[in-house]
Amino acid sequence: MATSKLQALWNHPAGPKTIHFWAPTFKWGLSIANIADFQKPPENISYLQQIAVTCTGMIWCRCSTVITPKNWNLFSVNVAMAATGVYQLSRKIKYDYVTEGEAAAENE
């Protein structure tokens with residue numbers, strides 16, 4: 001039973017014998033790096049970089065479900081990219097605008 005599932009994975013049009021498998025697999029490195037940056041101070045987060053990560057994730061989520069063969073590895077990595085990008089952007093926005101507003105209110 002297990003060998004037939006492995007055989008099916010191996011011979012799948014988006015399986016390990018194709019670029020459709022390896023490109024999203026290596027793209028996980030970007031998502032993991034973005035997760036590692038959760039420990040980075042918010043003042044060091046780049047708006048442009050995180051907007052690019054978020055938009056790339058959202059755009060390719062759609063594309064991964066429309067192409068043939070459907071590539072669920074590509075879909076999942078792009079969901080992770082979009083989610084980590086949104087989280088990083090929310091951290092940066094909170095740092096830049098919410099904490100500045102609180103500091104200004106305290107000084108009055």
Side-chain angles (χ1 to χ4, degrees):
M1 178 87 166
T3 56
S4 65
K5 289 188 179 198
L6 287 173
Q7 190 72 23
L9 173 67
W10 183 255
N11 292 322
H12 190 272
K17 295 191 288 186
T18 68
I19 190 67
H20 303 293
F21 175 83
W22 292 106
T25 300
F26 283 109
K27 195 173 183 180
W28 276 104
L30 297 173
S31 294
I32 292 167
N34 217 18
I35 291 168
D37 285 348
F38 288 175
Q39 303 304 315
K40 182 191 266 189
E43 61 267 16
N44 294 340
I45 296 172
S46 165
Y47 278 115
L48 292 177
Q49 179 183 7
Q50 294 307 319
I51 288 169
V53 167
T54 303
C55 289
T56 299
M58 290 179 181
I59 291 166
W60 283 100
C61 277
R62 169 75 175 129
C63 291
S64 66
T65 60
V66 177
I67 61 173
T68 303
K70 287 194 183 339
N71 193 332
W72 297 110
N73 188 16
L74 182 62
F75 178 78
S76 61
V77 72
N78 284 300
V79 167
M81 283 188 67
T84 59
V86 167
Y87 177 72
Q88 292 286 55
L89 283 171
S90 68
R91 287 182 60 219
K92 180 69 170 171
I93 290 167
K94 182 178 177 184
Y95 175 79
D96 286 348
Y97 298 105
V98 175
T99 54
E100 285 179 7
E102 290 172 358
E106 289 175 6
N107 290 336
E108 292 178 355

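Numbering of residues begins at 1 and proceeds along the displayed sequence.
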Is Y97 reachable from I51 through a run of hydrophobic residues whose side-chain heavy atoms are each under 4.5 Å from the next?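 Linked within one cluster.
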Give the cluster check for L48 versus L89: same hydrophobic cluster or not, with ILVMFWY residues linked at side-chain heavy-atom distances below 4.5 Å.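 Per the 4.5 Å side-chain linkage, L48 and L89 are not co-clustered.
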Roughly how far, to the nearest 0.5 Å, is the [atom2] atom of [Y] from the [atom1] atom of [X]?
| X | Y | atom1 | atom2 | value |
| --- | --- | --- | --- | --- |
| S64 | N73 | OG | CG | 9.5 Å |
| I35 | L30 | CD1 | CG | 11.0 Å |
| T18 | F21 | OG1 | CZ | 8.5 Å |

Kindly give the heavy-atom pair with the smallest separation between [X] and [Y], and that separation in Å.
| X | Y | result |
| --- | --- | --- |
| W28 | S76 | CZ2-OG, 3.6 Å |
| M81 | G57 | CB-CA, 4.2 Å |
| G85 | V53 | CA-CG1, 4.2 Å |
| K27 | N78 | NZ-OD1, 2.8 Å |
| Y95 | P42 | CB-CB, 3.5 Å |

With a 4.5 Å cut-off on side-chain heavy atoms, are [Y] and [X] touching?
| X | Y | answer |
| --- | --- | --- |
| D37 | I45 | no |
| T84 | Q50 | no |
| T54 | Q88 | no |

Scan for ring-ring contact (aromatic ring centres under 6.0 Å, His included) pairs involving residues 43-82, sequence neighbours excluded, and state none if there are none.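 Applying ring-ring contact (aromatic ring centres under 6.0 Å, His included) to every pair that reaches into residues 43-82, excluding sequence neighbours, yields W72-F75.
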